[in-house]
Amino acid sequence: MRDRRRSLRLAATLTVSGLLLGTAGCGSGSGSARAGDPNTLEVWTRSDPESAKTYDRVFAAFTKKTGIKVDFQPVMNFDQQLQSRASVKDLPDVMINDTALMGSYQSQGLLKPITPASIAGHDEITAKSWASTVGLDGRHYGIPYSRQAMTLFVRKDWREKLGLPQPKTWQDTLALAKAFATRDPDGDGRKDTYGMVVPGSAQNGYVAWWGASYLWQGGVQILKKEGSGFRPAMDSAAAVRTVTWMKKNLFCGDKGVIQPSALTSVTANTTNFQDGNAGMYLTGPYNMSTFDEALGKGKYEVLPAPAGPADNNDVLADGENIYFGARTGKAKQEQTLAAFLVSPEGQELAMTGDHQPVVRIPVNSTLDAAKVRHDPRWSVVQKAYETASVQFPNAPNFAPIKQDTADALNAIFTYCGSDVRSGLKELNDTLAGDLKDQDLLK
């Protein structure tokens with residue numbers, strides 16, 4: 001089944017690549033923005049209505065400052081609509097989307113390469129952030145825009161009521177989760193609370209996204225770089241130990257350690273923490289505004305992730321890049337917009353305001369997230385990104401690798417009698433096929 005899914009994905013990628021590679025010399029396309037004012041940029045972001053309002057504010061400030069207009073398109077079903085536009089050889093001028101998608105977009109020929117020095121303010125972006133925009137050919141294909149890292153959200157009021165310390169290790173975390181599930185921390189006289197929230201569905205790779213931090217902390221690498229390619233590493237002894245611990249203690253452990261719906265939960269419907277019936281959530285900082293409104297700032301705390309057996313507390317880091325659509329003809333205007341978006345002014349506008357922020361940790365190194373927001377909790381997130389974070393490889397195309405990893409982990413966690421070692425061996429073989437499809441298997 002996985003081989004069939006991989007073949008279908010590869011065929012789709014090759015089809016779109018062929019469509020785009022056939023556009024050389026076709027000019028700048030016929031989209032509404034290109035057919036009208038040459039001083040207008042068509043810009044797409046993956047945004048819901050709330051975050052789109054923040055982008056509206058940012059782009060209005062940009063136009064006021066530069067005179068360059070923005071035809072802003074907030075898109076939820078981003079990838080499907082992008083493939084549709086690619087099929088008619090008419091890409092947006094500028095796109096803002098996930099860092100992990102860069103390898104996929106580059107492999108399909110959707111992006112223009114970028115020279116960092118062409119972007120004013122490029123030297124205020126750290127080398128770590130720039131590194132996530134490098135393709136397999138060594139060229140940059142994106143400009144860092146926003147970064148984030150996972151942290152552990154804990155019901156402080158529950159923890160203090162039970163007289164327990166902040167968790168520093170996996171065992172601390174497990175003990176706290178069991179206490180939240182069994183010792184009535186909300187005081188209603190019923191066992192109706194859960195230890196932690198887990199988005200464990202395979203849909204869109206969620207369990208791999210959430211579980212990656214545990215993998216890093218267990219000393220696991222999904223892929224290992226070898227020369228000009230990669231090899232899968234999910235059959236390692238560290239992977240077997242780590243996934244076995246997760247399965248035994250979280251998914252197949254004591255009742256209530258995680259919420260009952262964990263294996264079918266995605267982030268959109270994983271609301272137990274904000275609903276007040278779960279005590280911990282390893283997640284991204286974008287949730288703070290929601291939790292502040294639902295629970296109140298004083299009821300929960302934002303902590304560094306506890307350390308695992310590899311003696312680190314590394315967490316998954318991700319974020320968004322600015323991408324320039326392949327073969328669009330407005331390089332100067334695109335560079336001007338990117339320079340504004342990564343400037344202190346542009347970053348602060350995107351981090352503040354009355355609506356959902358679209359920059360979490362600023363990529364501009366002159367800014368401090370906690371100071372900009374007047375909220376010391378953001379220093380925990382910024383420190384996690386700077387000192388204890390790992391990103392999914394942006395090249396190769398990591399999307400199928402993440403999805404196949406999620407499918408395997410979800411299956412392993414679903415069937416408590418299954419053999420972890422054989423499940424991970426099968427996953428490793430699948431990942432080898434993914435890499436072979438991209439001519440990157442070593």
Any pair counted as ring pair (Phe, Tyr, Trp, His ring centres under 6.0 Å), so long as it reaches residues 351-397, sequence neighbours left out: Phe392-Phe398
Qualifying ring pair (Phe, Tyr, Trp, His ring centres under 6.0 Å) pairs with a residue from residues 405-434, counting only residues at least two apart or across chains: Phe251-Phe413
Contacts of Glu345 that satisfy side chain to side chain donor-acceptor pair (under 3.5 Å) - sequence neighbours left out: Lys65
Before we go on, tell me: are the rings of [X] and [Y] under 6.0 Å apart, centre to centre?
X	Y	result
Tyr323	Tyr141	no
Phe72	Trp44	no
Phe180	Tyr194	no

Please set out all donor-acceptor pairs under 3.5 angstrom arising from side-chain atoms of residues 200-211, sequence neighbours excluded.
| from | atom 1 | to | atom 2 | distance (Å) |
| --- | --- | --- | --- | --- |
| Ser201 | OG | Gln203 | N | 2.9 |
| Tyr206 | OH | Thr267 | OG1 | 3.2 |
| Trp209 | NE1 | Asp318 | OD2 | 3.3 |

Backbone N/O of Leu41 and side chain of Asp93: donor-acceptor pair under 3.5 Å: no
Asn272 side chain to Asn277 backbone, donor-acceptor under 3.5 Å: no
Phe230 six-ring centre to Lys225 NZ/CZ under 6.0 Å and within 45° of normal: yes
Pairing residues for Ala60 by the side chain to side chain contact (heavy atoms under 4.5 Å, CB included) criterion, not counting sequence neighbours: none
What I want to find out is whether [X] reaches [Y] closely enough, with some N-O distance under 4.0 Å, to be called a salt bridge.
X	Y	value
Arg360	Glu320	yes
Asp429	Lys425	yes
Asp98	Arg46	yes

Ile143 to Thr133 - nearest heavy-atom pair and separation: N-CG2, 4.2 Å
With a 3.5 Å cut-off and sequence neighbours excluded, list the donor-acceptor pairs that the side chains of residues 363-371 form with protein atoms.
| from | atom 1 | to | atom 2 | distance (Å) |
| --- | --- | --- | --- | --- |
| Asn364 | OD1 | Thr366 | N | 3.0 |
| Asn364 | OD1 | Thr366 | OG1 | 2.5 |
| Asn364 | ND2 | Glu124 | OE1 | 2.8 |
| Asn364 | ND2 | Val342 | O | 2.9 |
| Ser365 | OG | Glu124 | O | 2.8 |
| Asp368 | OD1 | Ala370 | N | 2.8 |
| Asp368 | OD1 | Lys371 | N | 3.2 |

Plane angle bin for Tyr281 and Phe273 - parallel if under 30°, tilted between 30 and 60°, otherwise perpendicular: tilted
